[in-house]
K.L.:
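Just passing along the structure, written as structure tokens.
FYI, side chains are in, hydrogens and waters are out, and symmetry mates aren't considered; it's all heavy atoms of this structure.
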Amino acid sequence: MFPTGLSSPNPPPPPTQEARPAATDVKTDSGNITSSKKRKINGSEREDTSDTISSSPPKTLNSSSSSSSSCSPTPLHIQKKLRFEDSVDFIGLDVKMAEEAAAAAASCSNNKSKAMFLPGGVGHHANGLTKTAGSTTFSNSKPGAAKKLVIKNFREKPKLPENYTQETWQKLKEAVEAIQNSTSIKYNLEELYQVSGQTPLFSPLRLHKLISSENILSRSRSLNRIEKVLLFCVHCCLNFVLTDALDSVLFLKKIDKCWQDHCRQMIMIRSIFLFLDRTYVLQNSMLPSIWDMGLELFRFYIISDLKVQSKTIDGILLLIERERNGEAIDRSLLRSLLSMLSDLQIYQESFEQRFLEETNRLYAAEGQRLMQEREVPEYLHHVNKRLEEEADRVITYLDQSTQKSLIAAVEKQLLGEHLTATLQKGLTNLLDENRIQDLSLLYQLFSRVRGGVQVLLQHWIEYIKAFGSTIVINPEKDKTMVQELLDFKDKVDLIIDVCFMKNEKFVNAMKEAFETFINKRPNKPAELIAKHVDSKLRAGNKEATDEELEKMLDKIMIIFRFIYGKDVFEAFYKKDLAKRLLVGKSASVDAEKSMLSKLKHECGAAFTSKLEGMFKDMELSKDIMVQFKQYMQCQNIPGNIELTVNILTMGYWPTYVPMEVHLPPEMVRLQEIFKTFYLGKHSGRKLQWQSTLGHCVLKAEFKEGKKELQVSLFQTLVLLMFNEGEEFTLEEIKVATGIEDSELRRTLQSLACGKARVLTKIPKSKDVEDGDKFSCNDDFKHKLFRIKINQIQMKETVEEQASTTERVFQDRQYQIDAAIVRIMKMRKTLTHNLLMSEVYSQLKFPVKPADLKKRIESLIDRDYMERDKENSNQYNYVA
């Protein structure tokens, strides 16, 4: 037989026939039983929970034996694994099960452990367990058979001592009052914690109190009693606050002290009644916790008092106003008080609304005053400072929920109400003075206000149009127009990139504004841009390296995109390019071709086809001259003049008015030789000599020594006359050379009145007049051996500009005629308005409606189209 807490399925014989060992306390953990896990051992499943069972050898007892049986001095130790297969029910009790070792037999002799045998084989265990006699034997059971443990309730309910509730509550009440009065507590806090939960140290009684209805009623009464004690203390606190008539700051400090004391006291009270808070209150959702109860009492009886609340809110607002005015205040006091309002859940209704109203009132008045007193940059910095201060207040002591409304109020009163006034007062100055930091701040602040960026955008467009118009429209600025436009464009780009955060709206607005003002003066900007490019691509330009020149051309192309009269640009650019190529003044062939590729990419291949043809002519001319030199050597033609000829295709190059001049016989002979050579290779072609484009290098001897003079053909003809005589008048030179009067005067002026004066004019003056006499200056001196005399004919005259413009106008007429015929040929019949709109869509240059009507009338006169006989507003194409 083995003692165990399991009942055997087969009850054993009566106890009189068999010895019963001493009853032992069974200790086990309910959790170990219910959560036992299986594991495989040698391929078979066994329970992971094993009990060690120790017993003494069986003894036979007589019926008259005493209650204590004798035990064997040599205990036998047997270990057996028990198996729990049936479910075990626990009725709210902590079950303790254990098996004592065989040493329990020895304790029997010392009367420390006694076994009571009752009739019927029923024994009462010390912990309230009942077990049958058969539960202690395994005589008829096999190892591993199912055993059952039966656990029953107490037969008698434990009872509380008399006056237990009154005495307990008295202790708790004294402790709460001591805490509220900030005096020492008589009792141990652990003891108070235990009695507050009515938890005696004995386990059976504690378990009973947890499930009894009397306990629930007791706890409900406890909450009510606690509330009454707290209410009394809160009234005392209210009286303390209202006793003296203090100023606002001292009153706030007093309120804060009451709040801090109340929170500290509630924390301690809650710690005493923590068991009550975590059991009974959690099980009743309608009941507030002790902490919430304390907050509610403080809110209802203290802060909700009209006098207290009004004085508190007024004091807080007064401190904030003082801080806004630059005074130092106690920020920790404000943080504590506003945190109190948030904890009491009255922050928004009692404080935030009034705070925002005061904020709007303060900043509305401040904005009106400062806009009159301060300049825009100073005002913007003040606004930014105010916004930073308010953001810091939110971080330091205001509730986070106030941030959005507070910042919006400041932005509206200091910025939103003064958007237009701010821009009208100071934007132009900021842009003119290029104040990058202030403009960045302006954009950042306006971005915070609804509609601020749009207002800024409109003023931005107006400023660009106004400033650009002053550059373009003023004729006095023609010489510097393009450079000023480039500088203005760089300035605007910098502001957009740095200040306006590369906002795409500002970029597009800038492009539209440039396109508007740059075309207010038709054709002139295009002409000046072409001349500016010419000045940068000339050989004498040493201002920039190749990389800088490339960047400069890119910037010019940006300005070029804005102009409408691109055909005007082409005409002047082609004329200047021809001069650079023919005179050899081009700074770099690579730079020329780079500019050509940019124009081709921008305007298409048709725009640059003639310009590309000019480069091809120059390359072919080089090959022809190599062949001509070989031809001269083969013919053994004597002569000391080296002739270089450029063959130009008339359709590619600008139109030049031929001028007949009297060349020396040597030059005439070389011209005839080249003409014979060229026509022999290319039959059917016609050569026309352009004397206005020729240039020569003359060797001259002066008293100082020999010099080489790089001059134009007209200058050459004049200088060669002084080999035949010492002095000539203007009329004599004109007859001998055959040069046009105006061109001759400019030529003589360059030789006698310029920096390199190889001729002497009598009388001396800057202009050449009728009757002036000219002679060779034998005393001419110069530090250079080869001297380049300015070629006056390369300088563009007013007549040349007018002729170029006229040619552009003629070309435009041809383009308009071609577009009208093209449209009418495709549509056959079209109304006047539709024809006008389609012509405008095809043309790349601006045309006035009056000019367009003239071209339509011209085409009608030439029978390309006709008016409809029934509808005069309709045109028909004539095949």
K.L.:
Is there a side-chain contact between H601 and M557 (heavy atoms, below 4.5 Å)?
P.N.:
no
K.L.:
Looking at NZ of K555 and CG of D493, how far apart are the two atoms once the value is rounded to the nearest 0.5 Å?
P.N.:
9.0 Å
K.L.:
Hey, would you say the F728 and F722 ring centroids sit under 6.0 Å apart?
P.N.:
yes
K.L.:
Check whether any side-chain heavy atom of M481 sits under 4.5 Å from a side-chain heavy atom of R521, and report yes or no.
P.N.:
yes
K.L.:
Quickly, which of L611, D534, T608 forms a side chain to side chain contact (heavy atoms under 4.5 Å, CB included) with Y573? Name it, please.
P.N.:
L611
K.L.:
Is a donor on one side and an acceptor on the other found under 3.5 Å between the side chain of S858 and the backbone of K854?
P.N.:
no
K.L.:
Is any side-chain heavy atom of K574 closer than 4.5 Å to one of Y652?
P.N.:
no
K.L.:
Side-chain donor-acceptor pair under 3.5 Å between E515 and N519, yes or no?
P.N.:
no
K.L.:
Looking only at non-hydrogen atoms, find the nearest pair between P525 and I563 and report the distance.
P.N.:
CB-CG2, 4.4 Å
K.L.:
Got a sec, which residues hit salt bridge (charged side-chain N to carboxylate O under 4.0 Å, His left out) with E642, two or more places apart in sequence or on another chain?
P.N.:
K629
K.L.:
For the ring pair F628 and Y678, is the centre-to-centre distance below 6.0 Å?
P.N.:
no
K.L.:
Taking the side chain as every heavy atom from C-beta outward, state whether F514 and F488 have any pair of such atoms under 4.5 Å apart.
P.N.:
yes
K.L.:
Sub-3.5 Å donor-acceptor pair from the side chain of E704 to the main-chain atoms of H782, do we have one?
P.N.:
yes
K.L.:
When rounded to the nearest 0.5 angstrom, what is the spacing between CZ in F677 and CD1 in I624?
P.N.:
7.0 Å
K.L.:
Would you mind checking if D817 and R862 are paired as a salt bridge, meaning a charged N to carboxylate O distance below 4.0 Å?
P.N.:
yes
K.L.:
Do you know which two heavy atoms are closest between L744 and I739, and how far apart they sit?
P.N.:
N-CG2, 3.7 Å
K.L.:
Taking everything shown except F785 itself, do over 12 heavy atoms lie less than 6.0 Å from its CZ?
P.N.:
yes
K.L.:
So does E547 pair up with K551, basic N to acidic O under 4.0 Å?
P.N.:
no
K.L.:
Looking only at atom types and distance, does a side-chain atom of T747 sit under 3.5 Å from a main-chain N or O of Q715, one as donor and one as acceptor?
P.N.:
no
K.L.:
Answer yes or no: are there more than 12 heavy-atom neighbours, outside M650 itself, under 6.0 Å from its atom CE?
P.N.:
no
K.L.:
Tell me whether F780 at atom CZ has more than 12 heavy atoms from other residues, nucleotides or ligands lying less than 6.0 Å away.
P.N.:
yes
K.L.:
Near K828 NZ, under 6.0 Å, is it more than 12 heavy atoms from other residues, nucleotides or ligands?
P.N.:
yes
K.L.:
Looking at K610, I want to see if its NZ is surrounded by more than 12 non-hydrogen atoms of other residues, nucleotides or ligands under 6.0 Å.
P.N.:
no
K.L.:
Parallel under 30°, tilted from 30 to 60°, perpendicular over 60°: which one fits the rings of F674 and W689?
P.N.:
perpendicular
K.L.:
Applying the side chain to side chain contact (heavy atoms under 4.5 Å, CB included) test to M865, which of V821, L835, N876, L830 qualifies?
P.N.:
L835
K.L.:
So do I471 and F517 actually touch side chain to side chain, heavy atoms under 4.5 Å?
P.N.:
no
K.L.:
For the pair D497 and K502, find out whether any cationic side-chain nitrogen is under 4.0 Å from an anionic carboxylate oxygen.
P.N.:
no
K.L.:
Tell me whether K566 forms a cation-pi arrangement with F560, defined as NZ or CZ under 6.0 Å from the six-membered ring centre and within 45 degrees of its axis.
P.N.:
yes
K.L.:
With a 4.0 Å cut-off on N to O distance, would you call K598 and D554 a salt bridge?
P.N.:
yes
K.L.:
Under a plain distance cut-off of 3.5 Å, with no hydrogens placed, do E726 and S775 share a side-chain donor-acceptor pair?
P.N.:
no
K.L.:
Report the distance from atom NZ of K675 to atom NZ of K686, rounding to the nearest 0.5 Å.
P.N.:
8.5 Å
K.L.:
Can you find a heavy atom in the side chain of D770 that is under 4.5 Å from one in the side chain of E731?
P.N.:
yes
K.L.:
Do I529 and F572 make a side-chain contact, defined as non-hydrogen atoms from C-beta onward lying under 4.5 Å apart?
P.N.:
no
K.L.:
Regarding K773 and T729, do their side chains bring together a donor and an acceptor under 3.5 Å, going by distance alone?
P.N.:
no
K.L.:
Find out whether K524 and D478 are in side-chain contact, i.e. whether some heavy atom of one side chain is under 4.5 Å from a heavy atom of the other.
P.N.:
yes
